[in-house]
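One structure is given below, encoded as structure tokens.
Computation of the quantities below employed the complete heavy-atom set of this structure, encompassing side-chain atoms and omitting hydrogens, waters and symmetry-equivalent molecules. Keep in mind the model is a prediction, meaning the values are calculated, not measured. Here is how names work: the chains are called A, B, and so on, in the same order as the sequence lines, proteins then strands, and each is numbered from 1.
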Protein chains: 2
Amino acid sequence: MQVDELTTLGRRDRKKRQTRAALAAAALRLVAERGLDQVTVEDISEAADVSARTFFNYFPTKDDALVGDSEGDRERVLRALAAVPAEQPALEALRRAFIGAVEEAQGDAELWQLRLRVVTQHPVLLGRLVTGNATTERALVEAIAARTGLPADDAYPALVVAVAGAALRAAMIRWATGDAHRLATLLDESFATIAAGLPDPRTG
Amino acid sequence: MQVDELTTLGRRDRKKRQTRAALAAAALRLVAERGLDQVTVEDISEAADVSARTFFNYFPTKDDALVGDSEGDRERVLRALAAVPAEQPALEALRRAFIGAVEEAQGDAELWQLRLRVVTQHPVLLGRLVTGNATTERALVEAIAARTGLPADDAYPALVVAVAGAALRAAMIRWATGDAHRLATLLDESFATIAAGLPDPRTG
DNA sequence: CTAAAACTTTGCAGCGTATGCACCTTTGGC
DNA sequence: GCCAAAGGTGCATACGCTGCAAAGTTTTAG
């Protein structure tokens with residue numbers, strides 16, 4: 001797959017991907033080293049050896065070079081959700097939909113953990129992540145409503161999606177901060193705890 | 001209390017509050033009318049009859065004039081949490097801690113619903129809200145860890161706080177989008193559903 | 001009542017982010 | 001090779017935001 005794509009694509013597209021990846025990597029590295037405000041778009045562009053103007057041909061804002069591709073993630077998660085049999089409970093369906101995205105991150109563990117560390121160190125980026133996820137969340141709410149046969153304005157779909165997102169976020173943060181477990185395992189544990197009603201560990 | 005504050009404070013502080021409120025209100029009104037990018041800081045300052053430079057003496061960024069006072073909210077929620085008996089389960093403790101903040105919003109219903117509508121229409125602001133809440137979330141995680149006697153790096157406190165936050169957010173959005181219910185009622189329903197393990201409505 | 005102290009407002013200069021436009025180079029199909 | 005399409009670049013411009021110093025207002029002290 002990977003090789004196919006690389007050989008099929010022309011030189012132009014290959015260079016584009018390269019440039020994009022170089023910009024994202026440079027941005028991440030520089031910000032991890034110096035902090036968000038000590039890195040300008042010009043610094044990043046220089047490190048990737050393109051003009052500052054070109055940076056904005058690839059990313060609409062500086063932050064976007066840091067937070068990853070929320071659109072791609074959205075498509076992947078929605079496709080995965082559609083592939084889960086409709087008779088599965090909503091929460092379980094969401095768990096399965098997330099697993100795919102999560103295993104991808106596991107593959108690029110180094111990049112993703114760097115990204116997560118940078119993001120947690122700069123809450124404003126955390127906000128940007130949420131911005132990207134807002135669209136995904138709306139789409140998931142619709143999908144869950146359709147799947148469960150609930151009216152579009154029922155409280156349940158919005159709630160279960162918000163909670164599932166919280167579980168994903170908690171698992172990823174935990175994973176990034178040095179926990180040795182596999183991300184998928186952490187995600188499963190979070191979902192299991194939620195399905196049990198989040199019992200207080202002292203009593204349950 | 002309110003009256004005491006107003007009469008005790010000198011003219012200077014009263015004017016400051018006035019200016020701050022005028023800026024926030026003007027920002028909210030203008031953005032609701034025209035959209036975020038069609039309103040400049042100068043527009044807002046003009047509407048509040050101060051210079052643009054003065055705007056930045058009150059709010060560090062344009063967005064901050066729109067999203068409200070996360071610091072104040074944080075203090076209130078933390079105090080409320082501390083007042084809940086330690087033997088209450090973590091999830092229930094968080095529900096009670098949120099109720100106070102929520103009733104405050106209910107009091108200023110008009111302002112808050114305008115704010116929530118503006119925020120949901122501009123996801124980037126939703127991100128800003130989260131940025132403000134990130135600090136609150138960290139503090140809540142610590143408080144829950146202490147309260148339950150769990151180690152600071154256990155998965156449970158982070159998960160239960162993230163989920164409770166999701167419930168609060170879902171309830172507020174639902175409340176803002178025209179639902180006639182009281183906000184506190186919507187919050188209680190969300191928490192009840194979560195405590196039951198988010199059963200799929202088709203089966204349970 | 002007055003004068004000093006403390007604080008607020010303001011203009012200005014300057015940096016960084018972001019966008020639109022025109023020009024140039026590279027690429028891929030013919 | 002040639003041409004159309006697309007990416008890269010420089011320039012001009014608008015807005016967001018900060019530091020500084022001057023000017024005005026409120027408070028406090030004598």
Side-chain angles (χ1 to χ4, degrees), chain A residues 4-24 26-28 30-31 33-67 118 122-125 127-128 131-132, chain B residues 5-24 26-28 30-31 33-67 118 122-125 127-129 131-132:
Chain A
D4 259 60
E5 273 179 15
L6 287 179
T7 53
T8 300
L9 264 40
R11 183 191 320 281
R12 186 179 281 170
D13 293 88
R14 260 178 289 144
K15 280 193 125 175
K16 248 187 116 171
R17 290 198 174 204
Q18 242 177 301
T19 303
R20 187 186 181 83
L23 282 170
L28 230 33
L30 289 173
V31 171
E33 282 170 8
R34 299 189 215 159
L36 189 58
D37 292 344
Q38 274 59 57
V39 177
T40 69
V41 170
E42 202 165 335
D43 295 335
I44 300 169
S45 311
E46 194 115 345
D49 201 29
V50 294
S51 79
R53 187 63 186 84
T54 295
F55 177 94
F56 289 106
N57 290 338
Y58 282 92
F59 301 100
T61 73
K62 179 168 85 168
D63 299 350
D64 279 293
L66 297 164
V67 296
V118 164
H122 299 281
V124 63
L125 294 178
R128 287 280 314 162
T131 300
Chain B
E5 273 179 17
L6 288 179
T7 53
T8 299
L9 263 39
R11 182 191 321 280
R12 186 179 284 170
D13 293 87
R14 260 178 288 144
K15 278 192 128 177
K16 251 188 112 168
R17 290 199 174 203
Q18 241 177 300
T19 303
R20 188 186 180 84
L23 282 170
L28 231 32
L30 289 173
V31 170
E33 283 170 8
R34 300 190 215 159
L36 188 59
D37 292 344
Q38 274 59 58
V39 177
T40 69
V41 169
E42 202 166 334
D43 295 335
I44 300 169
S45 311
E46 195 115 345
D49 201 27
V50 293
S51 80
R53 186 62 185 83
T54 295
F55 177 94
F56 289 106
N57 290 338
Y58 283 91
F59 301 100
T61 73
K62 181 168 83 168
D63 298 350
D64 279 293
L66 298 165
V67 296
V118 164
H122 298 281
V124 62
L125 293 178
R128 289 278 319 167
L129 261 188
T131 300

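Side-chain contact between B:Thr61 and B:Arg128 is present, with heavy atoms from C-beta onward closer than 4.5 Å. Side chains of B:Lys16 and B:Tyr58 form a contact here, defined as non-hydrogen atoms less than 4.5 Å apart. Counting heavy atoms from C-beta outward, A:Lys62 and A:Leu36 have side chains that approach closer than 4.5 Å. Two residues are said to be in side-chain contact when any heavy atoms from C-beta on lie closer than 4.5 Å; A:Phe59 and A:Leu66 fail this criterion.
Spacing between atom CG of A:Asp13 and atom C1' of C:dT27 amounts to 10 Å, rounded to whole angstrom units. Rounded to whole Å, the distance from CG on A:Leu23 to C1' on D:dG7 is 13 Å. Regarding A:Asn57, its CG atom lies at a distance of 9 Å from the P atom of D:dT9, rounded to whole Å.
Of the side-chain N and O atoms in B:Tyr58, none sit less than 4.0 angstrom from OP1 or OP2 of C:dT8. For B:Ser51, no side-chain nitrogen or oxygen approaches OP1 or OP2 of C:dT9 to under 4.0 Å.
Between the CG atom of A:Asn57 and the CG atom of A:Leu23 there is a distance of 10.0 Å, given to the nearest 0.5 Å.
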Nucleotide by nucleotide, nucleotides 16-23 of chain D touches protein heavy atoms under 4.0 Å in the pattern (B base, S sugar-phosphate only, - none) SBBBB---
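In this view, B:Asp43 and B:Arg34 satisfy the salt bridge (Lys or Arg N to Asp or Glu O under 4.0 Å) rule, not counting sequence neighbours.
Nearest to the side-chain atoms of B:Lys16 among the listed nucleotides D:dG8, C:dT8, C:dT10 stands C:dT8.
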